[in-house]
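Everything on this sheet refers to the single structure shown next.
A note on names: the letters A, B, ... follow the listed sequences, proteins ahead of strands, and every chain is numbered from 1. These values consider heavy atoms only, across backbone and side chains, with no hydrogens, waters or symmetry-generated copies.
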Amino acid sequence: MKLSEMSSSLGYTAVQDQFQDRDIQHGYTSDLLSDVMANAAEGSVLITIQAHKNAVAVASMAGIAAIVICNSRPIPDDMLETARSECIAVFTTPKNQFTVSAEVYNRLQAE
Amino acid sequence: MPWFRADLHLHSCLSPCGDLECSPSAIAVTAKQRGLDLVALADHNSALNCPAFAEACRREGVAALYGIEATSREEVHLLCLFATVEQALDAGELFYRALADVQNIPAKLGDQVYVDVDENILGAVEKHLVGALDYSVDEICEAVNSRGGLFIPAHIDRSVNSMGSQLGFLPHAPYAAVEVTRSPCPLDTHDYTRICNSDAHFLDDIAMRWFAYEAETVSFAALRDALAAKRVRLSIES
């Protein structure tokens with residue numbers, strides 16, 4: 001799945017769309033960022049409610065390609081600015097982590 | 001210059017996880033007995049026991065700071081310490097407004113009472129205090145530093161509610177120091193001054209860990225200077 005399909009196919013809103021439209025093969029769902037850093041696969045989509053710039057810092061260190069913020073959690077501007085400078089895509093959705101995980105998983109499995 | 005012994009992370013009966021025996025006056029008496037020169041009260045997300053703590057410490061002749069252990073949106077615990085009760089109460093009001101609106105159930109979650117210096121209960125806090133504030137680490141840092149306080153990430157090496165557990169690293173920010181519980185600290189503390197405190201929730205645990213700082217006086221300003229100059233010794237390293 002191309003990153004852009006997170007919007008075009010799954011319907012999540014891209015709030016930071018300055019990213020390279022790379023191919024995604026993994027997803028990781030966690031709200032504990034130390035866990036993300038330790039266990040997320042390189043190039044994953046991170047599904048979380050942690051909407052702050054430290055989430056981007058962890059994503060950057062772990063090689064995360066995109067972050068999906070669930071439950072329509074408000075996203076501060078400094079998070080988007082940091083994500084833009086790191087070329088990490090940020091999407092938002094009113095859906096929860098369980099639903100988004102299932103949707104992303106099914107989409108990746110279908111390939 | 002003399003060295004002063006400090007334990008700047010103490011909980012009282014206001015913290016639901018704190019022992020009811022931990023009244024501000026009992027804490028002051030115990031701190032005096034254990035030879036501490038400077039103590040700070042830092043209950044979870046509230047400073048409402050600080051007025052009684054100030055009076056109790058005056059009675060015992062122990063110098064005091066007034067604080068809050070704030071929980072950020074990242075669920076990281078952060079020590080916010082002030083020179084005056086008024087500053088602490090002001091920050092406490094700001095934080096309480098931003099605290100998740102979950103009512104405390106004392107039977108299940110513990111009591112959250114604030115008292116006077118003679119241990120009379122003045123009231124109970126309604127919202128559960130061990131929740132997260134709707135403020136990021138950076139926003140809490142700004143709130144503390146703009147009020148002239150000391151901003152110190154708490155127990156950064158612990159497995160819960162710490163920079164280490166929540167983020168996995170220590171971001172750069174204007175910290176007065178960072179609090180560790182072990183030596184060597186498994187997390188990279190960069191060039192920040194390290195201190196250790198007891199984080200006591202029971203009287204028995206007061207001064208279980210402490211640090212000493214070298215200064216002309218025991219005052220807040222002298223402590224700030226000593227932290228900046230790294231004139232500190234940690235009990236866990238001696």
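- In terms of modelled atom types and a separation under 3.5 Å, the side chain of B/N45 and the main chain of B/L129 share a donor-acceptor contact.
- Between the side chains of B/H44 and B/Q112, not a single donor N or O lies within less than 3.5 Å of an accepting N or O.
- Across all their heavy atoms, B/A154 and B/S162 have their closest contact at O-CB, 4.3 Å.
- Using a 4.0 Å cut-off between a side-chain N of Lys or Arg and a carboxylate O of Asp or Glu, B/E214 and B/R233 do not qualify as a salt bridge.
- Residues B/D19 and B/H201 have side chains that never bring a donor and an acceptor to within less than 3.5 angstrom of each other.
- Using modelled atom types, one side-chain atom of A/E5 and one backbone atom of A/K2 make a donor-acceptor pair closer than 3.5 Å.
- Interface with chain B: from residues 12-33 of chain A, residues A/L32, A/L33 qualify, criterion being any non-hydrogen pair under 4.5 Å.
- Taking the six-membered ring where the residue is Trp, B/H172 and B/Y192 present tilted rings, their angle falling between 30° and 60°.
- Heavy atoms of B/D138 lying under 4.5 Å from chain A belong exclusively to its side chain.
- With respect to B/D191 and B/K230, a salt bridge is recorded, a charged nitrogen being found less than 4.0 Å from a carboxylate O.
- Using non-hydrogen atoms only and a strict 4.5 Å limit, no part of residues 88-111 of chain A faces chain B.
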From CA spacing to verdict: salt bridge (charged side-chain N to carboxylate O under 4.0 Å, His left out), A/E81, A/K53: CA-CA 9 Å; A/E81 282 161 28; A/K53 74 174 187 185; over 6 Å; no
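- No option in B/H9, B/H155, B/E179, B/R209 other than B/E179 meets the side-chain hydrogen bond (donor to acceptor under 3.5 Å, both in side chains) test with B/N197.
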